[in-house]
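A short write-up of the structure that comes next.
These numbers were taken from a predicted model, which means no experiment stands behind them. Computation of the quantities below employed the complete heavy-atom set of this structure, encompassing side-chain atoms and omitting hydrogens, waters and symmetry-equivalent molecules.
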Amino acid sequence: MKQFDYRRAHDVDGALALLAADPDARFLGGGTNLVDLMKTGVERPARLVDLRELPLDRVERTSDGGLRVGATVTNSDLAAHPYVRRHYPALTQAVLAGASGQLRNMATVGGNLLQRTRCGYFTDVSRPCNKRAPGSGCPAVSGEHHNHAVLGASDHCVAVHPSDMGVALTAFDAVVSYETPDGPGRTPVTDFYLPVGDTPHRETTLPPGALITHITLPPAPAARSRYRKVRERASYAFAIGSVAAALTVEDGRVREARLALGAVASRPWRARAAEAVLTGAPADGTTFAAAADAELAAARPLPRNGYKVPLMRNLVVSVLTELAEGDAR
């Protein structure tokens, strides 16, 4: 690991100043992703700016019934919060599915959103990778890619975004707020992550030197929501497919639907085509299958990850059916 300077910030302005003073500095939250990448030599910051003493560790209700979550709130505290558990159950389920208890106790909300989209080629500095070394190539396209993207990928990168929490936040239309030396900004999570295109090393729209301060969730769209994750072992594994969904059913028809998919693209994937099929249609298996098919029609699997298409179809139908049957009871 490269030697680095360490500073602890006590307020937002101080954190921004410390980062601006060194172009090779990085913000440090829980360190559950950054420190791992430093150990492998992928990240080589000259300075770490510790954010854990910033006053950004609260979960608060907003005046309209939504939620404001500070960037340094730990994943454990977010998942356990009574208002989150009651009104945004898919978010609690996503966070609890994300890692071990020890990691959730350290990982922060802001850091979770900024964890790198990665695969084994990215973390192996002896191999080429367009995300790590732009223009060097993507060996996963013809190599090991069984858990790689089937939607929105390009020849430049086929890695999938690893966040479980990000999938639920995408379904709930969360908004990311941040501070920069030039003032504050905000962007919806659905616009926060960039399409992979031919610049996979650029992952988010966050301006250089910016610090995420909090996430805002609008009032929950439905009383019932679910997050379901499929993985290759029962614990501590990244998803091979996941779904976050919220559904409102009235008189047997879907009044409102929110749907996001995970582990299928370089970013949490908002299933707009599926939502369009669902809205106003009968809340039954035929509709749910048609919605899944509409979204997955754009899938372009690689030779060894085609299993993800039927897996995601079945997962979408199963989660929506569970939500619809719950509303009917």
Side-chain angles (χ1 to χ4, degrees), residues 9 11-13 15-16 19 26-30 32-34 49 51-52 54-75 77-79 81 83-84 87-88 90-92 94-95 98 107-117 152 161-196 199 201-221 225 227 244 246 258 260-262 265-272:
D11 55 54
V12 170
D13 289 341
L16 292 171
L19 193 77
R26 297 286 189 277
F27 286 135
L28 176 70
T32 55
N33 181 216
L34 176 59
V49 180
L51 306 175
R52 287 174 292 181
L54 298 188
L56 303 174
D57 59 349
R58 299 183 64 183
V59 180
E60 304 168 296
R61 292 177 60 177
T62 58
S63 59
D64 63 355
L67 205 63
R68 175 185 167 113
V69 182
T72 64
V73 170
T74 67
N75 287 9
D77 286 346
L78 177 64
H81 195 278
Y83 198 76
V84 177
H87 294 277
Y88 306 90
L91 180 55
T92 287
V95 173
T108 63
V109 169
N112 187 291
L113 290 178
L114 290 174
Q115 64 180 303
R116 299 298 304 272
T117 301
H161 195 270
S163 175
D164 295 283
M165 185 184 77
V167 181
L169 291 177
T170 297
F172 285 131
D173 285 330
V175 175
V176 180
S177 294
Y178 56 86
E179 288 284 346
T180 75
D182 298 322
R186 62 201 309 266
T187 184
V189 169
T190 49
D191 299 328
F192 183 72
Y193 297 104
L194 291 167
V196 64
T199 56
H201 58 289
R202 296 183 62 241
E203 296 180 358
T204 77
T205 59
L206 198 67
L211 170 65
I212 294 176
T213 55
H214 61 275
I215 313 298
T216 304
L217 286 84
S225 65
Y227 180 79
R258 305 285 184 89
L261 312 181
S266 63
R267 50 183 172 162
W269 188 267
R270 185 65 180 267
R272 300 288 190 187

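- Residues Thr170 and His161 form no side-chain contact, since every pair of their non-hydrogen atoms from C-beta on lies 4.5 Å or further apart.
- The backbone N or O of Thr213 sits nowhere less than 3.5 Å from a side-chain atom of Ser177 that would complete a donor-acceptor pair.
- The line from CZ of Arg186 to OG1 of Thr216 is 6.0 Å long, rounded to the nearest 0.5 Å.
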Give the C-alpha distance, both sets of side-chain angles, the deciding distance and a yes or no for side chain to side chain contact (heavy atoms under 4.5 Å, CB included) between Thr190 and Arg272. CA-CA 11 Å; Thr190 49; Arg272 300 288 190 187; 4.0 Å; yes
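- By the 4.5 Å heavy-atom criterion applied to side chains, Pro162 and Arg116 are not counted as neighbours.
- Residues Val196 and Ser266 approach most closely at CB-OG, 3.7 Å, considering heavy atoms.
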Between Leu56 and Val12, is the side chain to side chain contact (heavy atoms under 4.5 Å, CB included) condition met? List the steps. CA-CA 9 Å; Leu56 303 174; Val12 170; 4.3 Å; yes
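- Here the OH-OG1 distance, from Tyr178 to Thr187, works out to 6.5 Å after rounding to the nearest 0.5 Å.
- The distance from atom OG1 of Thr108 to atom CZ of Phe27, rounded to the nearest 0.5 Å, is 12.0 Å.
- The nearest pair of heavy atoms linking Val95 to Met165 is CG2-CG, 4.0 Å.
- His214 pairs with exactly one of Glu60, Glu179, Arg68 by the side-chain hydrogen bond (donor to acceptor under 3.5 Å, both in side chains) rule, that one being Arg68.
- Distance CG/Asp182 to CG/Leu16: 10.0 Å, rounded to 0.5 Å.
- The two residues Thr72 and Leu54 make their nearest non-hydrogen contact at OG1-O, 4.0 Å.
- Without hydrogens or angle criteria, Asn112 side chain to Ser163 main chain gives no donor-acceptor distance under 3.5 Å.
- To the nearest 0.5 angstrom, Phe192 atom CZ is 10.0 Å from Glu203 atom CD.
- When all heavy atoms are compared, the tightest approach of Ala90 to Tyr227 is O-CB, 3.3 Å.
- No option in Thr62, Val59, Ile215, Leu91 other than Val59 meets the side-chain contact (heavy atoms from CB on, under 4.5 Å) test with Leu67.
- Salt bridge present: Arg270 and Asp173 bring a charged side-chain N and a carboxylate O closer than 4.0 Å.
- The two residues Ala246 and Pro221 make their nearest non-hydrogen contact at CB-CG, 4.0 Å.
- For the pair Ala168 and Ala94, the tightest heavy-atom approach, listed with the atom from each and the gap, is CB-CB, 3.9 Å.
- Side chain of Thr32 to main chain of Ala107: no donor-acceptor pair is present (N/O by atom type, distance under 3.5 Å, no hydrogens or angles).
- A 4.5 Å side-chain heavy-atom check between Thr199 and Leu194 finds every atom pair outside the cut-off.
- The CG atom of Leu211 sits 10.0 Å away from the OG1 atom of Thr180 when rounded to the nearest 0.5 Å.
- Tyr193 places a side-chain N or O within 3.5 Å of a backbone atom of Leu113 that can act as its donor or acceptor partner.
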